[in-house]
*Asks:* 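Would you mind keeping the following structure in view while I ask a few things?
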Amino acid sequence: MVSDISNSRILRRRSSTFTDPTNLLAVHELRSRILQDPAISVKHLSDDVHRIRHEDWWLDRFLGSVNYDVDIAYAIMLECLKWRRNFEVDRISLLSLKPLLDNQLMYLHGKDLQNRHMLWIMMNKYKNGDDGFEKLFTFWIERHYMEYKGCQPLTVFIDMTGTGLKNMSFDAMKFIIHSSKYYYPNSIESILIFENPAILNASWKVIGSWLESSAASQRHDLLTFVTKLSVTHYVPKSHLLEHQGGTDTFKFTMDELAKCLPPPPPPKPSPKLLQQRMHSIDDSTNNNVTEFDFSSFQKRNVKFDEESTTKRAPSLSRRSSRGPKSRKSHIPPSLRPLIENRVNAPSDDWSSNDFVSITPRDELRLEKLDGENDLLDVVLVKNQSSDTPIMFKFKTTSPEKFRVRPSSGIVQPGTTEIIRVYLQYEYRHSWNKEKFLLLTMESSSTDVESFSEQFKSASNKAEFKFKCRLSENLKLDQPEERRSSFLLQQQQLLSKPEGFSLGGFNIYLPIITLILFLFLIFQFSYILQMRSDNALLRETLVSLSSQIKEASVPLQETIVEAVKNEL
């Protein structure tokens with residue numbers, strides 16, 4: 001009976017994912033984005049490319065783990081595909097893992113009380129630094145995940161009986177958590193730690209802090225510590241070993257491994273047979289049968305800074321949107337690390353109330369990212385409600401300096417909106433007095449244009465104020481700094497007299513001294529010459545004056561005699 005219930009639950013989980021047309025369209029969009037790369041067959045494994053082309057469930061698992069945000073799912077899936085190729089998931093050698101399998105370090109066996117399959121890890125069989133742990137874990141998780149198409153999460157049972165510091169590995173535990181989040185989304189439902197020794201309590205607290213720091217995308221209650229007395233609340237005695245307080249006498253062997261391996265895939269049909277099948281399908285197809293047309297829902301490319309007022313189809317990039325008739329622009333790849341930091345921000349950086357949570361708390365930190373001309377930061381608005389949308393509006397004291405995308409909108413229940421705030425680069429020196437205001441309220445209306453009127457009469461509303469500052473790592477090329485730097489260099493140069501006696505200037509110093517000496521001699525001789533010329537001229541004038549006086553005396557006497565005779 002329990003098995004039937006579990007099977008029906010799996011079937012419902014597989015089928016219900018695609019009953020929502022929006023989810024189906026999101027899968028189609030994610031597939032088209034990945035397949036747009038012409039070199040996809042070279043970059044990624046052939047089996048993975050085939051799975052992307054023909055199997056919706058794998059894309060849906062990544063989308064479901066991030067609330068069907070196509071942008072984030074696209075980035076995570078590209079990293080997963082890159083890891084699968086570098087890790088060579090399809091080429092894990094069982095021969096290299098045989099010592100670990102013979103040692104019964106890790107194996108799949110039995111089910112817990114929730115009818116979930118269990119992955120057993122015997123940590124006393126492992127020593128920190130041993131090779132093969134990550135490959136063995138990937139081997140088991142890959143086999144189970146692909147067999148059940150990601151619909152049957154595992155319970156990981158970590159047996160810490162008889163372990164010590166030599167058996168504890170942070171890298172191994174981090175790989176398990178990282179894999180369940182990025183490589184195999186939602187593949188692990190819970191991790192049971194059995195009989196953990198007191199000496200390792202601090203180690204598990206560190207591991208638990210990793211989960212708490214990423215609580216926005218990873219459940220922080222993933223770890224559960226159990227003992228012999230409490231383990232039966234999670235696992236039946238029939239599937240517990242004797243030292244764990246159970247009655248199971250199971251022992252993993254290579255024969256058990258052969259039973260766990262999937263059957264070999266059927267041989268691929270020849271191209272001729274495929275062509276014959278295609279012809280037969282074409283001949284028997286009814287002309288009245290129509291297929292679902294995705295073209296009308298295809299996401300159109302727009303520039304990042306466009307503000308469109310025309311009506312468009314709903315965007316699939318994020319579940320939260322400005323309304324049923326609005327569309328969000330594409331998030332540039334350069335912003336994704338910044339958004340990830342905001343999503344994983346500690347609780348101190350979040351400001352929350354009954355219906356909304358926002359981060360950062362009260363201050364925007366503008367940064368300069370590669371590929372972006374302007375300085376920017378992002379604000380996350382998370383709807384805490386499970387049934388009521390919230391409406392928001394972002395205001396700034398200087399709209400001419402800042403671009404806000406989006407400046408207003410609607411956040412659906414349980415989703416998060418990403419608001420991007422850009423300071424135009426020409427205003428990079430006048431940011432310190434700017435302030436921002438984020439207005440939020442619970443509202444079931446889709447009329448964002450009438451936000452101000454609705455906000456006045458809203459019962460549940462909140463205001464968040466932000467200041468503005470630059471990131472510590474940001475350095476601006478200010479003209480004042482360049483001038484002060486130049487003056488400082490000049491002062492340093494003038495304050496070092498030894499600089500004139502060094503380098504090539506020292507070679508020309510004797511020549512310059514000789515030129516100055518010759519110039520002084522020329523000046524002295526010129527002055528002497530001028531003085532001698534002046535003395536000669538003075539003697540000539542004196543002599544000429546005396547001659548004129550001597551000649552003028554007889555002439556005066558003659559004139560006097562002539563005057564007398566006339567009288």
Side-chain angles (χ1 to χ4, degrees), residues 1-10 12-13 100-101 103-126 133 136-137 140-141 143-145 147-148 150-165 167-169 172-173 176-177 179-180 184 186-208 210-212 218-253 256-257 259-260:
M1 181 66 180
V2 176
S3 178
D4 294 338
I5 294 175
S6 175
N7 293 334
S8 63
R9 187 181 303 162
I10 294 172
R12 287 198 305 270
R13 196 168 173 183
L100 299 178
L101 293 169
N103 201 23
Q104 304 181 53
L105 170 62
M106 191 184 310
Y107 55 85
L108 280 170
H109 172 66
K111 296 182 179 181
D112 63 3
L113 289 176
Q114 301 297 325
N115 206 33
R116 289 190 293 261
H117 291 83
M118 299 184 63
L119 177 64
W120 301 79
I121 302 178
M122 305 298 177
M123 291 303 295
N124 61 348
K125 308 288 185 180
Y126 173 79
F133 184 94
L136 183 58
F137 177 81
W140 286 118
I141 203 79
R143 188 203 68 79
H144 184 272
Y145 197 76
E147 179 181 353
Y148 291 93
C151 295
Q152 182 71 287
L154 284 168
T155 294
V156 179
F157 192 101
I158 302 180
D159 191 343
M160 302 297 295
T161 305
T163 60
L165 292 175
N167 306 108
M168 191 62 185
S169 173
M173 296 301 110
I176 293 175
I177 296 172
S179 298
S180 66
Y184 303 94
N186 300 324
S187 59
I188 297 177
E189 183 67 23
S190 63
I191 300 177
L192 303 178
I193 298 99
F194 178 77
E195 293 290 347
N196 180 62
I199 195 174
L200 297 179
N201 286 340
S203 300
W204 285 108
K205 286 183 180 179
V206 174
I207 297 172
W210 300 341
L211 297 174
E212 293 175 0
Q218 177 78 25
R219 290 176 32 245
H220 58 276
D221 58 345
L222 195 65
L223 303 179
T224 303
F225 293 87
V226 295
T227 61
K228 274 188 179 183
L229 298 177
S230 61
V231 69
T232 53
H233 297 295
Y234 303 93
V235 184
K237 285 188 176 183
S238 58
H239 287 160
L240 288 172
L241 299 179
E242 293 180 354
H243 76 275
Q244 298 165 352
T247 58
D248 194 0
T249 58
F250 174 81
K251 185 177 181 181
F252 182 81
T253 62
E256 293 293 334
L257 176 62
K259 296 178 184 179
C260 296

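Model, not experiment: these values are computed from the prediction.
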*Asks:* What is the distance from atom NZ of Lys125 to atom CG of Asn167, rounded to the nearest 0.5 Å?
*Replies:*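 Rounded to the nearest 0.5 Å, the NZ-CG separation comes out at 11.0 Å.
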*Asks:* Within the 4.5 Å heavy-atom criterion, are Tyr145 and Asn186 side-chain neighbours or not?
*Replies:*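 Not in contact.
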*Asks:* Show me the donor-acceptor pairs within less than 3.5 Å that the side chains of residues 153-162 make with the rest of the protein, sequence neighbours left out.
*Replies:*
residue, atom, partner, partner atom, Å
Thr155, OG1, Asp112, OD2, 2.8
Thr155, OG1, Arg116, NE, 3.3
Asp159, OD1, Thr161, N, 3.0
Asp159, OD1, Thr161, OG1, 2.6
Asp159, OD2, His243, NE2, 2.7
Asp159, OD2, Gln244, NE2, 2.8

*Asks:* List the residues meeting side-chain hydrogen bond (donor to acceptor under 3.5 Å, both in side chains) with Ser187, not counting sequence neighbours, and say none if there are none.
*Replies:*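 With sequence neighbours excluded, Ser187 shows a side-chain hydrogen bond (donor to acceptor under 3.5 Å, both in side chains) to no residue whatsoever.
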*Asks:* Is it true that the side chains of His144 and Tyr184 contain a donor and an acceptor less than 3.5 Å apart?
*Replies:*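 Result is no, nothing qualifies.
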*Asks:* Stepwise, does the side chain to side chain contact (heavy atoms under 4.5 Å, CB included) test hold for Leu101 with Thr253?
*Replies:* CA-CA 7 Å; Leu101 293 169; Thr253 62; over 6 Å; no
*Asks:* Please check: side-chain N/O of Trp120 versus main-chain N/O of Leu108, any donor-acceptor pairing under 3.5 Å?
*Replies:*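 Answer holds: no.
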*Asks:* CD1 of Ile177 to CD1 of Ile188: how many Å apart, nearest 0.5 Å?
*Replies:*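 Nearest 0.5 Å value for the CD1-CD1 distance: 8.5 Å.
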*Asks:* Begin from the C-alpha positions of Phe133 and Ile176 and carry the test side chain to side chain contact (heavy atoms under 4.5 Å, CB included) through to its verdict.
*Replies:* CA-CA 10 Å; Phe133 184 94; Ile176 293 175; 4.1 Å; yes
*Asks:* Sequence neighbours left out, what passes side-chain hydrogen bond (donor to acceptor under 3.5 Å, both in side chains) with Asn124? Give chain and number order.
*Replies:*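 Asn124 satisfies side-chain hydrogen bond (donor to acceptor under 3.5 Å, both in side chains) with no residue once adjacent residues are dropped.
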*Asks:* Measuring from atom OG of Ser169 to atom OH of Tyr126, what distance do you get when rounded to the nearest 0.5 angstrom?
*Replies:*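 Nearest 0.5 Å value for the OG-OH distance: 3.5 Å.
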*Asks:* Taking all atoms of both residues into account, what is the closest heavy-atom pair of Ile121 and Met106, and its distance?
*Replies:*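 It is CG1-CG, 3.8 Å.
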*Asks:* Do Leu113 and Val235 make a side-chain contact, defined as non-hydrogen atoms from C-beta onward lying under 4.5 Å apart?
*Replies:*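 With C-beta onward as the side chain, the pair stays apart.
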*Asks:* Would you say that Val206 contacts Ser203 through its side chain, given a criterion of any heavy-atom pair below 4.5 Å between the two side chains?
*Replies:*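 Val206 does not reach Ser203 side chain to side chain.
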*Asks:* So does Lys228 get a backbone contact from the side chain of Glu195, meaning a donor-acceptor N/O pair under 3.5 Å?
*Replies:*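 Between the backbone of Lys228 and the side chain of Glu195 there is a qualifying donor-acceptor contact (under 3.5 Å).
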*Asks:* Would you indicate whether the side-chain heavy atoms of Thr224 and Ile193 approach each other to under 4.5 Å?
*Replies:*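 Ile193 vs Thr224: side chains apart.
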*Asks:* Is there a side-chain contact between Thr163 and Met168 (heavy atoms, below 4.5 Å)?
*Replies:*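 No, their side chains stay 4.5 Å or more apart.
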*Asks:* Quick one: pull up NE2 in His239 and OG1 in Thr247 and give me the separation to the nearest 0.5 Å.
*Replies:*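 The OG1 atom of Thr247 is 9.0 Å from NE2 of His239, to the nearest 0.5 Å.
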*Asks:* Parallel under 30°, tilted from 30 to 60°, perpendicular over 60°: which one fits the rings of Tyr107 and His109?
*Replies:*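 If you compare the ring of Tyr107 with that of His109, the planes turn out tilted.
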*Asks:* When rounded to the nearest 0.5 angstrom, what is the spacing between CD in Glu189 and CD in Gln114?
*Replies:*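 Going from the CD atom of Glu189 to the CD atom of Gln114 covers 8.5 Å.
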*Asks:* What is the distance from atom CG of Leu223 to atom CE of Met173, rounded to the nearest 0.5 Å?
*Replies:*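 Between Leu223 CG and Met173 CE, I get 10.0 Å after rounding to 0.5 Å.
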*Asks:* Report the C-alpha separation of Phe194 and Tyr234 in whole Å, then their side-chain angles, then the decisive distance to 0.1 Å, and conclude whether the ring pair (Phe, Tyr, Trp, His ring centres under 6.0 Å) test is met.
*Replies:* CA-CA 11 Å; Phe194 178 77; Tyr234 303 93; over 10 Å; no
